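Written out below as structure tokens is the structure these notes cover.
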Amino acid sequence: MRERYIEQVFEYGGVMSVPGATILHADLDAFYASVEQLLDPALRGRPVAVGGGPNGGVVLAASYEAKAYGVQGGMPGWRAARLCPELVFVRGHFREYQRLGDAVMDVLADVTPEVERISIDEAFLDVSGATHLFGPPAAIGARIREQVRAEVGLPISVGAARTKHLAKIASQVAKPDGLVVVAPGHERVFLDPLPVGLIWGVGPVNEQRLADLGIRTIGELARTPSSAVEHVLGLAVGHKLSAMAHDEDPRRVVTTRHARSVGAQSALSRRAPDRDDVRAVLAHLADRVSRRLRAKGRAGRTVTVAVRLAGMQRSTRSRTLSVPVAATLTLTEVSEQLAWSAIEAAAPCEITLLGISVSQLADQRSVQLELDLEPPDPWRPGSAPGAARSAVDASMDAIRTRFGGDAVGYLPVVLRGDGAVPDEFRELAEHDL
DNA sequence: TCTGGGGTCCTAGGACCC
DNA sequence: TCTGGGGTCCTAGGACCC
């Protein structure tokens, strides 16, 4: 086990007594791959990739043994196989990921209720109210790591600092399987030598733009006038990054957060767009999205459709309706209009993905009669009355609740039985509404 | 050999209103 | 013969994160 304390490196030895670094970021290491190695001991110590394969698909996660060869999440399987010939591809146990991720969050919840889960495998904690029970943040971080290892069987890295931003960077520096505590007063000496790419919000594009200014470390960024950074990255991003580089991060740990959009997308084998095909895919996506909305009593006014063309260019079309929608058929029809608007603008073309997203969300209960309130409109020629649509959705939702998600569906959805990605995987990434 | 699926936030131009 | 300034909403695109 590696425990590293920044204050040990730079100043004191009595780290376990240092208070103040009360924001923790806990992040499971190579989560999916670690679960596979936990479930199958034969995989331990070997390079493992979840998902993908030499003949298609992308790698969803790579074990540290695989990362040593340069294999990364998001990489096409064939490329990963070329980088690492001994790489073992596994299909993935998505239900187990959900179960074990939840189990880890239970461990965190035993420390404090102030937990902000930001994905299946990652959370912030504010432990300022827990130190009287469990000791200083460093001790709490160590305790979390021990308990997750003992009770769940997985390696987890923890960063502790005064702010979320710094705690997150600390956990990245701690990986794999480590703990890094940045004691108050030591932020600058910790941050300055680190690469700007560790800042939340700096990806490949902005990293290159900063490099063009001669900025490679967070220290160099902090010494650059924010006006220069804003000029290159835009006002908002530049301002935020400068603030981060100066260790100014006002964000608090938030335990409840409402989603601002809900979406679903499907990659398709490259194909010329076809009316029936497009409708079938969109019906399936609209069904997924609208069911999630209705399950939470939500609806949304803005419908956005994304189309990806051969060559990876994306095109989007959106329409804001006068009233929020959550009915499957309405969403399907609006999406179809939008999709063809994008496709026709690009024609002739081949498409490789279709996606639907609904935003401007509102509570459905307060905006009932969604469809009857819509004026007669060209978007739904000959459409069924809204009440009928709501009734159909309600009975289908009820049947699915009792008999399972595949028990009933709109015709195109039933006919399309070839989902490339299992629903369990999709559910892992869904945010609470 | 051909690139997943779920999200967040920002920008810029135009429409529209007062 | 020539028309301001500010605010809000909508749309399309893009960067980023897990």
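Every chain is numbered from 1 and lettered A, B, ... according to where its sequence line falls, protein lines coming before strand lines. This is a predicted model, so every value here is computed, not measured.
Between the side chain of Arg288(A) and the backbone N or O of Ala264(A), no donor-acceptor pair lies under 3.5 Å. Of the possible donor and acceptor atoms, none in the side chain of His25(A) sits under 3.5 Å from a partner among the backbone N and O of Ser171(A). A donor-acceptor pair under 3.5 Å is absent between the side-chain atoms of Gln364(A) and the main chain of Val325(A), judged by distance alone. When atom types are taken as modelled, the side chain of Asp249(A) and the backbone of Leu166(A) share no donor-acceptor pair closer than 3.5 angstrom.
A salt bridge does not link Glu230(A) with Lys240(A): none of the charged nitrogens is closer than 4.0 Å to a carboxylate oxygen. The pair Glu122(A)-Lys168(A) counts as a salt bridge, with a side-chain nitrogen and a carboxylate oxygen less than 4.0 angstrom apart. Using a 4.0 Å cut-off between charged side-chain N and carboxylate O, Arg292(A) and Glu430(A) make a salt bridge.
The residue Val202(A) sits close only to the backbone: its heavy atoms come under 4.0 Å of sugar-phosphate atoms, none of a base. Contact annotation for Gln360(A): backbone-only contact, meaning every heavy-atom pair under 4.0 Å involves sugar-phosphate atoms and none involves a base. Residue contacts shown for Pro204(A) are limited to sugar-phosphate atoms, with no base heavy atom under 4.0 Å away. When heavy atoms are screened at a 4.0 angstrom cut-off, Arg292(A) is found touching the sugar-phosphate backbone but no base atom. Residue contacts for Leu28(A): at a heavy-atom cut-off of 4.0 Å it reaches no nucleic acid atom on any strand shown. Across all strands shown, Arg79(A) has no heavy atoms under 4.0 Å from either base or sugar-phosphate atoms. Nucleic acid contact for Ser315(A): sugar-phosphate only, since backbone atoms but no base atoms lie under 4.0 Å from a heavy atom of the residue. Looking at heavy-atom distances under 4.0 Å, Gln265(A) makes contact with a base. Met75(A) comes within 4.0 angstrom of nothing in the nucleic acid, heavy atoms only.
The 5' end of DNA chain C is approached more closely, in terms of each residue's nearest nucleotide, by Arg301(A) than by the other of Arg301(A) and Asn206(A). The residue among Ala429(A) and Ser341(A) whose nearest nucleotide of DNA chain C lies closer to the 5′ end is Ser341(A). Between Ala259(A) and Tyr32(A), the residue anchored nearer the 5' end of DNA chain B, judged by the nucleotide with its closest heavy atom, is Tyr32(A).
Atoms CG (Leu285(A)) and P (dG7(B)) sit 12 Å apart, rounded to a whole Å. Taking atom CG on Leu60(A) and atom P on dG4(B), their separation rounds to 10 Å, with Å as the unit. What separates CG of Leu433(A) from P of dG6(B) is a distance of 13 Å, to the nearest Å. Atoms CD (Glu424(A)) and P (dG5(B)) sit 14 Å apart, rounded to a whole Å. Ile356(A) has its CD1 atom 18 Å from the P atom of dG4(B), to the nearest Å. Between the CD1 atom of Ile120(A) and the P atom of dG7(B) there is a distance of 14 Å, rounded to whole Å. At whole-Å resolution of the value, CG in Asn55(A) and P in dT1(B) are 9 Å apart. Distance, Met312(A) CE to dG5(B) C1': 12 Å, rounded to whole Å.
Across all strands shown, the partner of dC18(C) is dG5(B), judged by Watson-Crick or G-U wobble contacts whose two distances both fall under 3.5 Å. The pairing partner recorded for dG13(C) is dC10(B), the criterion being a Watson-Crick or G-U wobble arrangement whose two distances lie under 3.5 angstrom.
Scanning both residues, Val254(A) and Glu116(A), for their nearest heavy atoms gives N-OE1, 2.7 Å.
Between Arg308(A) and dG4(B), a side-chain N or O to OP1/OP2 separation shorter than 4.0 Å is present.
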Exercise. Reading nucleotides 9-18 of chain B from the 5' end, what letters show protein touch, with B for base, S for backbone sugar-phosphate only, - for no heavy atom under 4.0 Å?
Worked result: SSS-------
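Of the candidates dT1(B), dG7(B), dG6(B), dT1(B) carries the atom nearest the Trp78(A) side chain, counting heavy atoms from C-beta on. Listed nucleotides: dG4(B), dG6(B), dT8(B). Nearest to the side chain of Ala264(A): dG6(B).
Neither side chain, Glu424(A) nor Tyr97(A), offers a donor N or O lying under 3.5 Å from an acceptor on the other.
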